[in-house]
Amino acid sequence: MATPDGPDAPPAFDTSQPTIARVYDALLGGKDNFAADREGAATYLKYVPDAGRCAIENREALVKGVRYLVRTAGIDQFLDIGSGLPTQKNTHQAAQEINPEAKVAYVDNDPIVLAHGRALLATNNSTIVVTADLREPQGILGNEEVRALLDFSRPIALMIVGIHMHFNDEEKPDEWVRTIMNELAPGSYLFITDFVDTGEPLQKAMEQAGLESLGNGWIRTPERIEQHFLGLPIIPPGVDFLARWFPEDPEGDVPDADDLQPYQRILMAGIAKKS
């Protein structure tokens with residue numbers, strides 16, 4: 001059967017090389033991955049047996065952050081860069097279950113995300129997915145679909161969740177984020193999660209796993225992660241391990257950092273506000 005040409009054609013993608021989105025999908029137990037991606041996930045699990053639980057915690061942190069942004073901060077527009085493949089609960093689901101009018105623009109550089117996202121969102125007029133790359137922020141800002149959905153004269157939450165670790169500091173990823181934040185209205189937010197380095201062996205093992213499987217995945221000190229927020233004020237509780245990070249009131253007691261499992265001390269999260 002002939003395949004369509006033009007904008008509605010299915011995107012081409014290389015299944016022989018692992019990608020961030022598909023390896024993450026494999027770690028989460030998803031089905032939208034290929035042999036190379038499963039090999040990448042196996043490398044992570046070799047070094048960090050609880051890597052899948054890390055991925056789940058990162059997704060849970062995304063949901064916590066989105067709920068805060070909608071329910072407490074009153075945000076109803078999201079620009080989610082490096083969104084990855086659809087999984088258990090996505091940004092638009094977490095946002096729209098609180099505010100059905102919330103709008104979400106997903107951005108990812110993996111064409112398979114576009115293919116699966118369009119199928120998932122075919123009946124959702126408040127959510128789009130586009131293929132673009134954080135390394136080219138002007139391409140995101142100038143994307144016609146993004147501009148048609150989001151109102152840049154009003155606050156937007158920029159989400160860079162689980163992305164910074166895939167770029168080394170020599171690439172200056174903070175400057176890509178700064179370019180986008182400079183275009184967002186006052187009252188916008190910046191939501192980030194990243195691999196952390198507090199000197200623990202399992203953190204270094206996670207970095208080694210990423211470098212072997214994907215060629216990236218660097219860890220950073222908490223002080224360096226705070227610099228990702230470009231000097232913007234970080235909302236309470238600041239930057240912290242995901243299991244201790246509750247931008248809204250926690251349902252129970254917040255565990256001490258020393259009481260966390262080693263895999264729970266691999267990622268940190270934070271949200272900052274642009275005044």
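Positions are given from 1 along the sequence. Everything numeric here is computed off the predicted structure, so don't read it as measured data.
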key: side chain to side chain donor-acceptor pair (under 3.5 Å) against Arg147, all qualifying residues, sequence neighbours excluded   = none

task = Could you tell me whether the side chain of Phe78 reaches within less than 4.5 Å of the side chain of Leu150, counting heavy atoms only?
result = no

query = Is there a chain of hydrophobic side chains (I, L, V, M, F, W, Y, each step under 4.5 Å between heavy atoms) that links Ile219 to Ile192?
reply = no

message = Between Arg22 and Asp110, does any side-chain N to carboxylate O distance fall below 4.0 Å?
response = yes

request  = If the plane angle is over 60° it's perpendicular, under 30° parallel, otherwise tilted; pick one for Trp245 and Phe191.
outcome  = parallel

query = Heavy-atom distance under 4.5 Å between the side chains of Asp108 and Thr131, does that happen here?
reply = no

request  = For the pair Asn124 and Val104, evaluate side-chain contact (heavy atoms from CB on, under 4.5 Å) and give the outcome as yes or no after the intermediate values.
outcome  = CA-CA 10 Å; Asn124 189 322; Val104 178; over 6 Å; no

key: SB check Glu248 Arg71 (cutoff 4.0 Å)   = yes

ask   = Is a side-chain donor or acceptor of Asn90 paired with a backbone partner of Gln93 at a separation under 3.5 angstrom?
value = no

inquiry  = Determine whether a donor-acceptor pair (N or O, by modelled atom type, separation under 3.5 Å) exists between the side chain of Asn143 and the backbone of Glu145.
reply    = yes

inquiry  = Does anything in residues 265-275 form a salt bridge (Lys or Arg N to Asp or Glu O under 4.0 Å)? List the pairs, not counting sequence neighbours.
reply    = Glu200-Arg265

key: Donor-acceptor pair, side chain of Tyr106 and main chain of His92, under 3.5 angstrom   = yes

ask   = Tell me, do Leu190 and Ile271 make a side-chain contact under 4.5 Å, heavy atoms counted?
value = no

inquiry  = Let me check something: do Leu149 and Phe152 share a hydrophobic cluster, defined by ILVMFWY side-chain heavy atoms less than 4.5 Å apart, either directly or through other members?
reply    = yes

query = Can you find a pair of side-chain heavy atoms, one from Glu212 and one from Tyr47, that are under 4.5 Å apart?
reply = yes

query = Is any NZ, NE, NH1 or NH2 atom of the basic residue among Arg224 and Asp197 found under 4.0 Å from an Asp or Glu carboxylate oxygen of the other?
reply = no

key: Lys/Arg-Asp/Glu bridge criterion (N-O < 4.0 Å) met for Glu60, Lys89   = no

request  = Using atom types as modelled and distance alone, determine if a side-chain donor or acceptor of Gln77 lies under 3.5 Å from a backbone N or O of Pro155.
outcome  = yes

task = For the pair Phe167 and Trp176, evaluate ring pair (Phe, Tyr, Trp, His ring centres under 6.0 Å) and give the outcome as yes or no after the intermediate values.
result = CA-CA 11 Å; Phe167 304 107; Trp176 306 330; 4.9 Å; yes

ask   = Taking NZ, NE, NH1 and NH2 as the nitrogens, is one of them in Asp194 or Arg220 under 4.0 Å from a carboxylate oxygen of the other?
value = yes

ask   = Take atom CG in Asn125; do more than 12 heavy atoms of anything else shown fall under 6.0 Å from it?
value = no

task = With sequence neighbours left out, write down each residue that passes side chain to side chain contact (heavy atoms under 4.5 Å, CB included) with Ala257, or none if nothing qualifies.
result = Phe241, Arg244

